[in-house]
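Taking it in order: structure first as structure tokens, then the write-up.
In what follows, residues are counted from 1 in the order of the sequence shown. Since this is a predicted model, take the numbers as computed values, not measurements. Side-chain atoms are counted along with the backbone in the values below, which use heavy atoms only and exclude waters and symmetry mates.
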Amino acid sequence: MHELSIAMNIVEIAEEESKKAGAVKVNEIELEIGKMSGIVIEALDFALMEAKKNSVLSNAKITINNIPAKAKCLDCDHEFDVEELFTPCPKCNSFKNEIIQGKELKVKRLIAE
């Protein structure tokens, strides 16, 4: 389960950033996770509940924003929503697509004190 290592990295980021800001705890952390990131949100949520114990995130509210996946057709430049990696372009049926949104995995915001 790679979600546990991701959760531990998120805690590390929160620890480092709060230390830089001179904060002793984080009240809220907001994450952006794309649909095509390969992360199972439920597994990450569970891993975060364990990883944040005894850290600056111990009482923090965790908000996870799911970013939908979009692709751009490399044949006709059409942009469209995708549910699966190999989705044909709805305009020209080409499978030559580039994922342009939905691979995100980032800490968007920390609110610390």
Hey, are the side chains of Q101 and P68 touching, using non-hydrogen atoms and a 4.5 Å cut-off? yes
Can you list the residues that meet the side chain to side chain contact (heavy atoms under 4.5 Å, CB included) rule with A21, with sequence neighbours excluded? none
Which other residues belong to the hydrophobic cluster containing V82, where Ile, Leu, Val, Met, Phe, Trp and Tyr are joined when side-chain heavy atoms lie under 4.5 Å apart, directly or via other members? M36, F80, L85, F86, I99
Quick check for you: to the nearest 0.5 Å, what is the distance between C89 atom SG and E79 atom CD? 10.5 Å
List, by chain and number, the other hydrophobic cluster members for I67, where Ile, Leu, Val, Met, Phe, Trp and Tyr join if side-chain heavy atoms come within less than 4.5 Å, directly or indirectly. none
Do V40 and F46 land in one hydrophobic cluster if side-chain heavy atoms of ILVMFWY residues count as linked below 4.5 Å? no
Sequence neighbours excluded, every pair satisfying salt bridge (Lys or Arg N to Asp or Glu O under 4.0 Å) that has a member inside residues 39-52: E50-K53
Just so I know, are the side chains of K61 and N27 near enough to count as touching, which here means a heavy-atom distance under 4.5 Å? no
Any chain of hydrophobic side-chain contacts (each under 4.5 Å) joining I111 to V56? no
Can you see which heavy atom on C73 is nearest to which on C76, and at what distance? SG-N, 3.4 Å
Which pairs, with at least one residue in residues 4-17 and sequence neighbours excluded, count as a salt bridge (Lys or Arg N to Asp or Glu O under 4.0 Å)? E17-K20
Rounded to the nearest 0.5 Å, what's the gap from NZ on K72 to CG on L74? Could you check? 8.0 Å
Side chain to side chain donor-acceptor pair (under 3.5 Å) against S94, all qualifying residues, sequence neighbours excluded: D75
Are V107 and I64 co-members of a hydrophobic cluster defined by side-chain heavy atoms under 4.5 Å apart? yes
Heavy-atom closest contact (N97 atom, A71 atom, distance): CB-CB, 4.1 Å
With the side chain counted from C-beta on, respond yes when I29 and L48 share a heavy-atom pair under 4.5 Å apart, and no when they do not. no
Which residues pass the side chain to side chain contact (heavy atoms under 4.5 Å, CB included) test with K108, not counting sequence neighbours? E30, E32
Identify the two heavy atoms, one from S37 and one from I33, that lie closest to each other, and give their separation to 0.1 Å. OG-CG2, 3.3 Å
Measure the CG-CD distance between L31 and E104 for me, rounded to the nearest 0.5 Å. 12.5 Å
Any C92 side-chain heavy atom under 4.5 Å of H78 side chain: no
From L44 atom CG to S5 atom OG, the distance as rounded to the nearest 0.5 Å: 10.0 Å
Step-by-step side-chain contact (heavy atoms from CB on, under 4.5 Å) determination, T63 to R109: CA-CA 10 Å; T63 303; R109 179 171 65 117; 6.0 Å; no
Closest contact, heavy atoms only, V26 versus L110: CG1-CD2, 3.7 Å
A51 and V11: which non-hydrogen atoms are nearest, and at how many Å? O-CG2, 3.6 Å
Report the distance from atom NZ of K103 to atom CD1 of I39, rounding to the nearest 0.5 Å. 13.5 Å
Scan residues 82-91 for pairs that pass salt bridge (Lys or Arg N to Asp or Glu O under 4.0 Å), counting only residues two or more places apart or in two chains. K35-E83
By salt bridge (Lys or Arg N to Asp or Glu O under 4.0 Å), which residues pair with K19, not counting sequence neighbours? none
With sequence neighbours left out, the residues meeting side chain to side chain contact (heavy atoms under 4.5 Å, CB included) with N59 are none
